[in-house]
**Q** 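Sharing a structure, written as structure tokens. Questions coming.
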2 protein chains.
Amino acid sequence: MGRTKEFDPDAALRAAMDLFWRQGYEATSMQDLCEHLGLGRGSVYGAFGGKRELFLMAVRRYVEDSRESLLARLSTSGSALDAVRGLVRDYAETALQEAGRKGCLLTNTAVELPADEEAQRHVESGLETMEVLLTATLMRAKAEGELSEDRDPVVLARFLVTLLQGIRVVGKTPVRQRFLDDTVDQALALLA
Amino acid sequence: MGRTKEFDPDAALRAAMDLFWRQGYEATSMQDLCEHLGLGRGSVYGAFGGKRELFLMAVRRYVEDSRESLLARLSTSGSALDAVRGLVRDYAETALQEAGRKGCLLTNTAVELPADEEAQRHVESGLETMEVLLTATLMRAKAEGELSEDRDPVVLARFLVTLLQGIRVVGKTPVRQRFLDDTVDQALALLA
DNA sequence: CTTTTATTGGACCGATCGTTAAAGAATGTG
DNA sequence: CACATTCTTTAACGATCGGTCCAATAAAAG
């Protein structure tokens with residue numbers, strides 16, 4: 001019953017995610033969002049509730065997307081340790097390109113909205129996902145003898161998550177070109 | 001000639017720095033600032049120009065303050081490597097306390113205003129300062145035989161700056177308690 | 001068909017944004 | 001003293017903020 005939606009809520013959410021990702025929460029207005037989604041205000045409020053609700057849904061969607069892409073990247077048939085190495089390198093490489101300015105939506109949210117408990121729960125969920133997937137991959141590396149017996153995959157995974165956050169920050173600054181290659185070199189030294 | 005200022009511009013700038021640090025740029029209004037500084041709007045605009053100008057001055061001040069405090073911390077008479085280790089530990093420890101929510105003004109600015117070239121120049125200046133001071137200290141450690149000959153102080157310094165940015169990000173999230181100790185452990189393993 | 005329900009686009013709301021203007025108060029100069 | 005200059009205070013500006021309301025529209029239900 002009732003009139004059918006003329007837009008794809010899923011695509012709209014992804015577009016909103018992109019805009020929040022690029023501009024941040026405070027710097028993105030409902031007018032920005034409506035124009036970028038190609039929707040009237042009524043449609044946006046009707047489908048998503050309001051700015052904050054839309055933002056939270058966008059972050060949640062980001063966490064889910066990230067989990068999928070990370071899972072795919074780490075589930076290689078080859079060397080587990082190489083997969084982790086590749087991930088670190090890709091983070092730095094992405095940061096060096098134009099996408100570096102966007103950074104990571106989790107990083108951005110952690111920094112911009114530290115007092116928003118709901119937003120931080122989503123950030124927590126995203127970082128934990130990274131921790132879990134990295135830990136599993138490092139355990140696989142250890143089982144295959146790529147990582148020495150005395151290394152703790154959990155400790156290493158948490159370290160890597162923190163470092164990746166740093167890479168996303170530095171990737172937004174003018175020092176990125178100078179810093180990130182060296183950062184990756186040192187990090188890879190820890191993955192041997 | 002003319003009426004004398006009734007407030008200390010230096011103290012006011014520091015108060016503004018605190019507020020921007022805690023709340024971010026967009027989330028801090030001129031009204032917030034006026035109340036927090038105990039000044040009328042006219043005084044603030046007369047002394048600092050406007051919101052953006054005040055913010056940029058605050059960031060510059062932060063860079064200067066950081067340089068002084070970092071220099072003092074690394075200029076120990078004892079072990080150079082211990083000084084660096086203590087710095088990393090202190091970063092994590094600070095992040096675990098209430099101050100962790102504020103994070104680092106450079107980190108916050110890098111993330112929130114990546115498109116503001118002037119702000120990013122100040123961030124660049126701050127990160128370069130960290131790089132230089134850390135490099136010098138690591139060179140001292142190398143000269144004193146605390147660091148093996150094949151280690152590059154510059155590479156290591158840049159890695160540490162990136163990692164410290166990551167610590168400031170993670171320190172703003174609910175995972176801080178679980179992640180930061182392990183992060184520090186791994187980082188210290190690289191300083192041996 | 002009519003009725004009901006839901007979506008749409010845009011006018012509109014009060015609140016707040018950063019900024020400016022102007023009048024009064026305090027200081028230095030002649 | 002008068003005068004020029006600077007700072008303080010406050011009212012007010014236009015613009016924009018997030019959010020609401022509503023008439024028009026479209027589709028499902030009877």
Side-chain angles (χ1 to χ4, degrees), chain A residues 1-60 105 108-109 112-113 115-119, chain B residues 1-60 105 108-109 112-113 115-119:
Chain A
M1 63 181 74
R3 183 173 174 177
T4 54
K5 280 192 173 66
E6 296 180 359
F7 65 96
D8 177 6
D10 214 61
L13 182 56
R14 181 163 280 128
M17 183 188 81
D18 272 339
L19 203 59
F20 280 127
W21 191 356
R22 189 164 353 115
Q23 302 186 348
Y25 178 75
E26 295 284 358
T28 302
S29 69
M30 285 303 290
Q31 187 169 332
D32 282 339
L33 286 163
C34 292
E35 291 171 3
H36 197 254
L37 309 198
L39 300 177
R41 294 173 98 83
S43 299
V44 175
Y45 277 92
F48 302 105
K51 185 186 177 184
R52 205 181 97 94
E53 289 80 0
L54 176 54
F55 176 76
L56 291 174
M57 291 187 212
V59 174
R60 173 180 289 273
L105 183 54
N108 301 353
T109 302
E112 191 187 358
L113 303 174
D116 186 324
E117 295 190 10
E118 204 163 348
Chain B
M1 60 178 69
R3 185 171 171 176
T4 52
K5 280 191 173 69
E6 295 178 358
F7 66 97
D8 177 5
D10 215 62
L13 181 56
R14 181 163 280 127
M17 182 187 81
D18 273 338
L19 203 60
F20 280 127
W21 191 356
R22 188 165 353 117
Q23 305 188 344
Y25 178 75
E26 296 283 358
T28 301
S29 69
M30 285 302 290
Q31 186 170 331
D32 283 339
L33 286 163
C34 291
E35 290 170 4
H36 197 254
L37 309 198
L39 300 177
R41 297 169 101 81
S43 299
V44 175
Y45 278 92
F48 301 106
K51 185 186 177 185
R52 204 179 99 94
E53 289 80 0
L54 176 54
F55 177 77
L56 292 174
M57 290 187 213
V59 175
R60 173 180 288 274
L105 183 55
N108 302 354
T109 302
E112 191 186 357
L113 303 174
D116 186 324
E117 296 190 10
E118 203 162 348

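A note on names: the letters A, B, ... follow the listed sequences, proteins ahead of strands, and every chain is numbered from 1.
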**Q** To the nearest angstrom, how far is B:Y45 atom OH from D:dA12 atom P?
**A**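 Interatomic distance, OH of B:Y45 to P of D:dA12: 18 Å.
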**Q** Can you tell me if the side-chain N/O atoms of B:S43 get under 4.0 Å from OP1 or OP2 in D:dC7?
**A**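 B:S43 to D:dC7 OP1/OP2: no side-chain N or O under 4.0 Å.
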**Q** Tell me the interatomic distance from B:Q23, atom CD, to C:dC17, atom P, rounded to whole angstroms.
**A** 11 Å
**Q** Can you tell me how far CZ of A:F20 sits from NE2 of A:H36, rounded to the nearest 0.5 angstrom?
**A** 11.5 Å
**Q** How close or far is atom C1' of C:dT7 from atom CG of A:L37, stated in whole angstroms?
**A** 15 Å
**Q** Reckon B:R41 touches a base, only the sugar-phosphate, or nothing at all at heavy-atom distances under 4.0 Å?
**A** base
**Q** Nearest 0.5 Å, please: how far is CG in A:L13 from CG in A:D8?
**A**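 It comes to 10.0 Å.
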**Q** Rounded to whole Å, please give me the gap between NZ in B:K51 and C1' in C:dT16.
**A** 12 Å
**Q** Give the rounded distance in Å between these two atoms: OH of A:Y25 and P of D:dC17.
**A**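 Those two atoms, OH and P, are 13 Å apart.
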**Q** So, the side chain of B:K51 versus the backbone of B:Y25: is there a donor-acceptor pair under 3.5 Å, distance only?
**A**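 It does hold such a pair.
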**Q** Is B:S29 near enough to C:dT16 that one of its side-chain N or O atoms lies under 4.0 angstrom from OP1 or OP2?
**A** no
**Q** Counting heavy atoms from C-beta on, name the nucleotide in C:dG18, D:dT20, D:dT8 closest to the side chain of B:F7.
**A** D:dT8
**Q** Have a look at A:F55 and tell me which of A:L113, A:L33, A:L19 forms a side chain to side chain contact (heavy atoms under 4.5 Å, CB included) with it.
**A** A:L113
**Q** Find the distance B:E35:CD to C:dT16:C1' and express it as a whole number of Å.
**A** 13 Å
**Q** Could you tell me whether the side chain of A:M57 reaches within less than 4.5 Å of the side chain of A:M17, counting heavy atoms only?
**A**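 Of all side-chain heavy-atom pairs linking A:M57 with A:M17, none is under 4.5 Å.
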**Q** Taking CG from B:L33 and P from C:dG18, how many angstroms apart are they, rounded to a whole number?
**A**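 About 8 Å, once rounded to whole Å.
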**Q** Please identify each residue that fulfils side-chain hydrogen bond (donor to acceptor under 3.5 Å, both in side chains) with A:E118, with sequence neighbours left out.
**A**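 Expected list: A:R52.
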**Q** Taking atom P of D:dC17 as reference, at what distance in whole Å does atom CE of B:M30 sit?
**A**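 Atom CE in B:M30 sits about 19 Å away from atom P in D:dC17.
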**Q** Calculate, to the nearest 0.5 Å, the distance between atoms OG1 and CG belonging to B:T109 and B:L56 respectively.
**A** 9.0 Å
**Q** Any chance you could list the contact pattern along nucleotides 22-30 of chain D? Use B for base contacts, S for sugar-phosphate-only contacts and - for none, protein heavy atoms under 4.0 Å, 5' to 3'.
**A** ---BBBS--
**Q** Return the 5'-most residue of the pair B:D32, B:G49 with respect to DNA chain C, ranking by each residue's nearest nucleotide.
**A** B:D32
**Q** Nearest-nucleotide wise, let me know which of A:Q31 and B:K5 is further upstream toward the 5' end of DNA chain D.
**A**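 Result: B:K5.
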